[in-house]
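These notes concern the structure reproduced below.
All chains are named by letter (A, B, ...) in the order of the sequence lines, taking the proteins before the strands, and each is independently numbered beginning at 1.
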Number of protein chains: 2
Amino acid sequence: MANRRASITDLAKALNLSTSTISRALADHHDVSEATKKRVRALAEELSYQPNQLAAALRRGRTNTLGVLVPHITGHFFPQVVNGIATEAARLGFNVMICQSNEDVKQERKNIDLLMNSQVEGILVSLANTTKDFGHFEAVRSQNVPLVFFDRVVEGFRGDNVSAVMLDDYQGAYQVVDHLLEQGCTRIAHFTGPLHINIHKGRHQGYLDALKAHGVPVDNQLIIIGELNQKTGAAYMRKLIKQDRRVDAIFASNDLAAVGALQEAKAHGLRVPQDLAIAGFSNEPFTTLVEPQLTTVDQGCDTMGISAVRLLQKMLAGNPDRQMQPRNVVLKPKLFVRESTLKKK
Amino acid sequence: MANRRASITDLAKALNLSTSTISRALADHHDVSEATKKRVRALAEELSYQPNQLAAALRRGRTNTLGVLVPHITGHFFPQVVNGIATEAARLGFNVMICQSNEDVKQERKNIDLLMNSQVEGILVSLANTTKDFGHFEAVRSQNVPLVFFDRVVEGFRGDNVSAVMLDDYQGAYQVVDHLLEQGCTRIAHFTGPLHINIHKGRHQGYLDALKAHGVPVDNQLIIIGELNQKTGAAYMRKLIKQDRRVDAIFASNDLAAVGALQEAKAHGLRVPQDLAIAGFSNEPFTTLVEPQLTTVDQGCDTMGISAVRLLQKMLAGNPDRQMQPRNVVLKPKLFVRESTLKKK
DNA sequence: TTGAAAGCGCTAACAA
DNA sequence: TTGTTAGCGCTTTCAA
C-alpha cells in the first residue's frame, strides 16, 4: 500500500486544529502553547510526517539551496573543492545541488538552466575548458542570482553579484622555482600546458620571474609546451635527455607530468634528486606514493570551496536588493618540499 | 534592480492569453496553434523565462529527482560511482541530489530526511561505516520510496522496494590469488581489514578458497588483520620480513596497503616481482604510477552507479502502486594483471 | 483551440 | 493562543 505522505492538513484534521497552528507548532513558533506543540509533535512523529520542502520553498520564495557546477566530479581536485563547498554550505544552513558539465559547454548551459529552474539562491561554477561564450550566464546575472566562479574563472565576464576565487598560480610556481634555485639548480626545464589557459600562464610567468630574480638566464630550449600527463611527461624527459640539454631540474606544471618525467629519468639511470630534481604542481595524493616523494604545490582545495561559499554568502546577505561590488579572492598556495628536490640536507 | 523572474502569469498578461494556454504552449502540447506557440516562445525567450520547477513539481507531485547519499564525495571510488549514477540518471531524465554522510550516522539520518523532504522519487545510498541502526530508513520504506543500497549494503534491512548492488569481492580476491598461485607462488600472505566488514570478509574468503582449490595449506601466520593504509602495509611487510616468514607473495585487500608493502619490500632489497609478488584491490589510479605497476582488481565503479540507477528505475517503472520483489545485483570484478606479479613472462 | 477554476502543501498577514 | 484567508507558480480537468 503506497502510504501517502502525511501533510499538515492531515495533522490539522486529526487534531482538530488549523493548518496554521500546525505549521507554527512544527516551526516551534513562540506563540503556540506547549501543550499543543506536544500533541502536534507526537502525532507528526507517529505518522512520520515529512514537511514538503517544495511547497515551503515555493511559498516562502526561498529554497535555501546553492547550485554547484563543476567540469567533473571525479579526479582529485574537484571532489575536494566540492567537499569544501558542501561542508561550508551545510554549516550555513544551505543545501547544495551538484552538477557536472563533463567539460562540455552544452552540458554547462543545460545545467545552468537546471539550477536556475530549481530556484537556487546562488551558483558556484568552475568552467568547462571549452567554454568561450558566456551567454548562458546572462540569465543568472540579469536575475541577480549571485555567481561565484572558482578555479576556472572567466576573464571577460564581470558584473554586480559576480565574484571569483582563484589560486595564485604565479606565486606557487615562483616558490617552486625559487626553491629549486636555492638547491643549486640552474638548468631548470619547465613542462607547461597551453599558455592561453590562465593557470598555465600564471605558472609559467612565475617560473620566468623566479629565474630572472636570481639572475639565471631563460633558455627557451628548456621550455616545453603541450599536454601534461604521465605519458607526455615521460616523452618530454626523453627528449631532453636525447638532446643532451644537461638539465638539473624539472618543474612540471602538473603532478602527472612530473611523475612521468620521474619514471623516465630513473629508467635512464638518473638519480633523483642528486642528478635531477623534479617538482610538480597540485599535491595529488599519489605524489607521496612515488619514489622519491614528489615536491609539489598544494592548492588548498577545501579552502577554495569554503572561500567560494563565504563569498556567495556575503553577496546574499549584504543584498536585500542592492548589488555588491564584484570581489575576487586569490588564495595563496603552499609549497610542499619532499625528497624529489632535496639536494642539500 | 532585482529583476523578478518572469512567470507564466506574466507571459499570459503580456500576450492576453490564459495561463493554461501558455503552459500548454511551452510544453509543446499538440492542441495549441502554431502561431500561438511561436508568440509564446518568442516572449519567453525575450524575458528569459525560466519555469519554476518547484511549482511544477508540487503541482505534478513528481520531482523527477533522485537522491544520492555517499559516505564521502572525495577519494577515488565514490566520485566514480556517483559519476556513473549522475550520467545514467541524466540519460533517463532524472536530476540528482547528492549528499555525503562523512561516515557519520547522524549526518546520514539528517541527509535521508533532507532527501525525503525534498520529495526525491528514489534514493541511492552507500552506508556510513558506523551505521548499525537502520531506523532512519524506515520512513523511506514505509512511504514506499524505492531504495537502492550500493557497495556498503545492509544485511538485515530488506523489504519491498529495497534493492542492492554490490561487488563480488569473493570472486575478485579468488582471481587474484588464483593468479598468484599460477605464477608459482605458494607462500601468499594476506593483509586484510576487520573481518566483520562484508567486503573484507568476502575478499578473505576468496583468498582462503583459492588456496584450498590449489591444495595449498593456509598458514595463519601469513594472515594479518588490521587497518589498511600505506603505513600499515609497510609495517605488516616489515613484520613478515623480520619474522622471516619467507613469503613469496602479498595479497593486500586494498591498494594503499599494497603500495606500502611494495615500498617496504624494495627498501629491504627485495625485487618485485622476482623475489616477491604483490597485488592489491580496487585499481586506484596510483597503481599504474608506482614501480612496478601494481596488479589489482577493478571494481567497475561506473558500472555500479549505472546498475544502481537502472535498478531504481525498474522499481519506479514497474510500480504504479504495487511492490517489486527486492532484487540484488552482484557485479563481477575484473583482474588487472600488471608487472608486480608477473614472474613468468 | 482556448479559458476558467481548482488545488498541490505550505506560510504569513490579519483577525479573533 | 488559535483560526481564516490568500496565494507562491504551475498543471490539469472540464467547459466553452
Side-chain angles (χ1 to χ4, degrees), chain A residues 2-41 43-44 47-65 113-114 116-121 143, chain B residues 2-41 43-44 47-65 113-114 116-121 143:
Chain A
N3 277 329
R4 201 175 56 75
R5 311 164 116 86
S7 70
I8 282 198
T9 314
D10 298 333
L11 298 189
K13 276 185 193 143
L15 294 177
N16 228 339
L17 287 167
S18 73
T19 56
S20 34
T21 302
I22 306 287
S23 174
R24 283 185 286 237
L26 291 170
D28 204 15
H29 215 279
H30 63 282
D31 48 32
V32 174
S33 75
E34 264 315 316
T36 309
K37 280 186 191 171
K38 268 207 185 107
R39 289 173 61 213
V40 173
R41 282 199 277 252
L43 186 64
L47 304 183
S48 65
Y49 163 77
Q50 306 267 8
N52 185 328
Q53 298 228 323
L54 257 55
L58 177 61
R59 173 59 231 240
R60 260 198 288 252
R62 298 204 51 209
T63 53
N64 244 273
T65 300
D113 278 357
L114 169 67
M116 290 299 288
N117 294 349
S118 305
Q119 318 289 114
V120 297
E121 298 184 24
Q143 258 143 203
Chain B
N3 278 328
R4 200 174 57 73
R5 310 163 118 86
S7 71
I8 282 198
T9 314
D10 297 333
L11 298 190
K13 275 186 194 141
L15 294 177
N16 229 340
L17 287 168
S18 73
T19 56
S20 29
T21 302
I22 306 289
S23 174
R24 282 186 285 239
L26 291 171
D28 204 15
H29 213 283
H30 62 281
D31 48 33
V32 173
S33 73
E34 265 314 317
T36 310
K37 280 186 190 171
K38 264 203 188 116
R39 288 172 62 212
V40 172
R41 284 200 274 253
L43 187 63
L47 303 183
S48 63
Y49 164 77
Q50 307 267 7
N52 185 329
Q53 298 230 323
L54 258 54
L58 177 60
R59 171 62 230 240
R60 262 197 285 250
R62 298 204 52 208
T63 53
N64 243 273
T65 300
D113 278 357
L114 170 65
M116 289 300 286
N117 294 349
S118 305
Q119 318 289 113
V120 296
E121 298 183 27
Q143 257 142 206

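Taking 4.0 angstrom as the limit, B:Tyr49 places a side-chain polar atom (N or O) nearer than this to OP1 or OP2 of D:dC10. Proximity of B:Ser7 to the phosphate of D:dG9: no side-chain N or O atom is located under 4.0 Å from OP1 or OP2. Considering only side-chain N and O atoms, A:Ser18 lies under 4.0 angstrom from the phosphate OP1 or OP2 of D:dG3. Between A:Ser33 and D:dT2, a side-chain N or O to OP1/OP2 separation shorter than 4.0 Å is present. Contact annotation: A:Thr21 reaches the phosphate of D:dG3 (side-chain N/O to OP1 or OP2, under 4.0 Å). Contact between the side-chain N/O atoms of B:Thr9 and the OP1/OP2 oxygens of D:dG9 is not found at any separation under 4.0 Å.
Contact record, B:Leu26 with B:Val40: CD2-CG1, 3.8 Å, taken as the closest heavy-atom pair. For B:Leu11 against B:Leu47, the heavy-atom pair with the smallest separation is CD2-CD1, 3.7 Å.
Between the CZ atom of B:Arg5 and the P atom of D:dC10 there is a distance of 10 Å, given to the nearest Å. For B:Leu15 and C:dG3, the CG to C1' distance is 15 Å, given to the nearest whole Å. Rounded to an integer number of Å, the gap from CD of A:Gln53 to C1' of C:dG9 is 12 Å. Between B:Lys13 atom NZ and C:dG3 atom C1' there is a gap of 16 Å when expressed in whole angstrom units. The distance from atom CG of B:Asp31 to atom C1' of D:dT12 is 12 Å, rounded to the nearest whole Å. Between the NE2 atom of B:His29 and the C1' atom of D:dT12 there is a distance of 9 Å, rounded to whole Å. Between A:Leu58 atom CG and C:dG7 atom C1' the separation is 12 Å, expressed in whole Å. Remark: P of D:dG3 and CD1 of A:Ile22 are 8 Å apart, rounded to the nearest angstrom.
Contact annotation: the side chain of A:Gln53 approaches that of B:Leu114 to within less than 4.5 Å [non-hydrogen atoms, C-beta and beyond]. At a threshold of 4.5 Å between non-hydrogen side-chain atoms, the residues B:Tyr49 and B:Leu43 do not count as touching.
Positionally, the nearest nucleotide of DNA chain C for B:Thr19 lies more toward the 5' end than for the other of B:Thr19 and A:Asn52.
One N or O donor and one acceptor, one from the side chain of B:Arg24 and one from the base of C:dG3, sit under 3.5 Å apart.
Considering only side-chain atoms of B:Arg59, the nucleotide from D:dT2, C:dA12, D:dT11 that sits closest is D:dT11. Closest approach to the B:Thr36 side chain among C:dC10, C:dT2, D:dG9 is made by C:dT2 (side chain taken as heavy atoms from C-beta onward). Which of C:dG7, C:dT11, C:dG3 sits closest to the side chain of B:Ser20 comes down to C:dG3.
Using a 4.0 Å heavy-atom distance criterion, B:Asn117 is classed as making no nucleic acid contact. Residue A:Leu54 is classed as having no contact, given no heavy-atom separation below 4.0 Å to the nucleic acid.
Of the possible donor and acceptor atoms, none in the side chain of A:Arg24 sits under 3.5 Å from a partner among the backbone N and O of A:Val32. Between the B:Arg5 side chain and the A:Gln119 main chain, no donor and acceptor come within less than 3.5 Å of each other.
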